[in-house]
Amino acid sequence: MNSAVTDIAELRAIPLFAALDDDGLRRVAGLAVELEVPAGQVLVHAGDPGSGIFLILGGTAVVEARGETMIEVGPGEFVGELALLVPDATRSARVRAKSDVRCLAIFAGDFRELLEDEPRIALAMLPVLAERLWRARSG
């Protein structure tokens with residue numbers, strides 16, 4: 001089931017959007033599409049162009065590269081951001097729903113505009129990206 005997101009209280013609970021005011025949250029709600037993804041379904045295929053970012057509302061997804069699980073992500077976390085931040089990049093890993101997943105999808109162009117208008121989102125992404133890169137390098 002796909003539907004527009006209207007609950008700004010639910011968006012405020014996502015760490016990526018916690019610093020936004022109500023107007024910013026309403027903007028996110030207007031851009032995001034809610035998706036229900038059954039367990040086992042792939043959200044992102046490695047090698048595909050970066051078409052958007054996914055924010056997990058419920059359930060667990062796994063990020064897999066070279067046949068290995070790199071990380072698990074759950075409620076409040078996001079995936080698919082690297083291919084949006086690097087020009088002309090493709091997806092570097094596969095993301096698969098480990099359980100039934102409820103998530104938000106924001107298309108790439110909309111997300112880039114959102115980052116320009118709401119730089120606090122980019123600031124909230126930085127520690128997560130840094131930790132993921134550190135783990136990938138040291139793991």
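Bear in mind the structure is a predicted one, so any value in this text is a computation, not a measurement. These numbers come from the heavy atoms of this one structure, side chains and all, not from hydrogens, waters or symmetry mates.
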L115 with L129, same ILVMFWY side-chain cluster at under 4.5 Å = yes
Common cluster, M70/V128, ILVMFWY with side-chain heavy-atom separation under 4.5 Å | no
Atom pairs and distances, side-chain donor-acceptor, residues 16-31, under 3.5 Å, sequence neighbours left out:
unit_1: D21; atom_1: OD1; unit_2: D23; atom_2: N; d: 3.2
unit_1: D21; atom_1: OD1; unit_2: G24; atom_2: N; d: 2.8
unit_1: D22; atom_1: OD1; unit_2: R12; atom_2: NH2; d: 2.2
unit_1: D23; atom_1: OD1; unit_2: R26; atom_2: NH2; d: 2.9
unit_1: R27; atom_1: NH1; unit_2: D117; atom_2: OD2; d: 2.4
unit_1: R27; atom_1: NH2; unit_2: D117; atom_2: OD2; d: 3.1

Please list, one pair per line, the donor and acceptor atoms closer than 3.5 Å that link side chains of residues 71-80 to other protein atoms, with sequence neighbours excluded.
unit_1: E72; atom_1: OE2; unit_2: K98; atom_2: NZ; d: 2.6
unit_1: E77; atom_1: OE1; unit_2: G74; atom_2: N; d: 2.7

Same hydrophobic cluster for L35 and I56, using side-chain heavy-atom links shorter than 4.5 Å among ILVMFWY?
-> yes
Residue pair L55 / L11, side-chain heavy-atom distance below 4.5 Å = no
Would you name the heavy atoms of V101 and A61 that are closest together and state the gap between them?
-> CG2-N, 4.4 Å
Minimum heavy-atom distance between A124 and P127, given as atom pair plus value | O-CD, 3.5 Å
Using the test side chain to side chain contact (heavy atoms under 4.5 Å, CB included), find all partners of P38 that sit at least two apart in sequence or belong to another chain.
-> Q41, D100
side-chain contact (heavy atoms from CB on, under 4.5 Å) between M125 and I53, worked out = CA-CA 12 Å; M125 292 176 83; I53 187 170; 4.3 Å; yes
Check residues 102-110 and write down every donor-acceptor pair under 3.5 Å in which the side-chain atom is one partner and the other belongs to a residue at least two apart or another chain.
unit_1: R102; atom_1: NE; unit_2: E34; atom_2: OE2; d: 2.7
unit_1: R102; atom_1: NH1; unit_2: E10; atom_2: OE2; d: 3.0
unit_1: R102; atom_1: NH2; unit_2: E10; atom_2: OE1; d: 2.9
unit_1: R102; atom_1: NH2; unit_2: E10; atom_2: OE2; d: 2.8

If you look only at pairs with a residue in residues 45-55, which of them pass as a side chain to side chain donor-acceptor pair (under 3.5 Å), with sequence neighbours excluded?
-> none
Is there any salt bridge (Lys or Arg N to Asp or Glu O under 4.0 Å) pair reaching into residues 119-129, and which pairs are they, with sequence neighbours excluded?
-> E118-R120
V63 side chain near R132 side chain, heavy-atom distance below 4.5 Å | no
Sorted by chain and residue number, the side chain to side chain donor-acceptor pair (under 3.5 Å) partners of E64 (sequence neighbours excluded) come out as R94, R96
The remaining residues in the hydrophobic cluster of L123, counting side-chain heavy-atom contacts under 4.5 Å among Ile, Leu, Val, Met, Phe, Trp and Tyr, are L126
With sequence neighbours excluded, what pairs up with E131 under the side chain to side chain donor-acceptor pair (under 3.5 Å) test?
-> R135
Could you tell me which non-hydrogen atom of S92 sits nearest to which non-hydrogen atom of A65, and how far apart they are?
-> O-CB, 4.4 Å
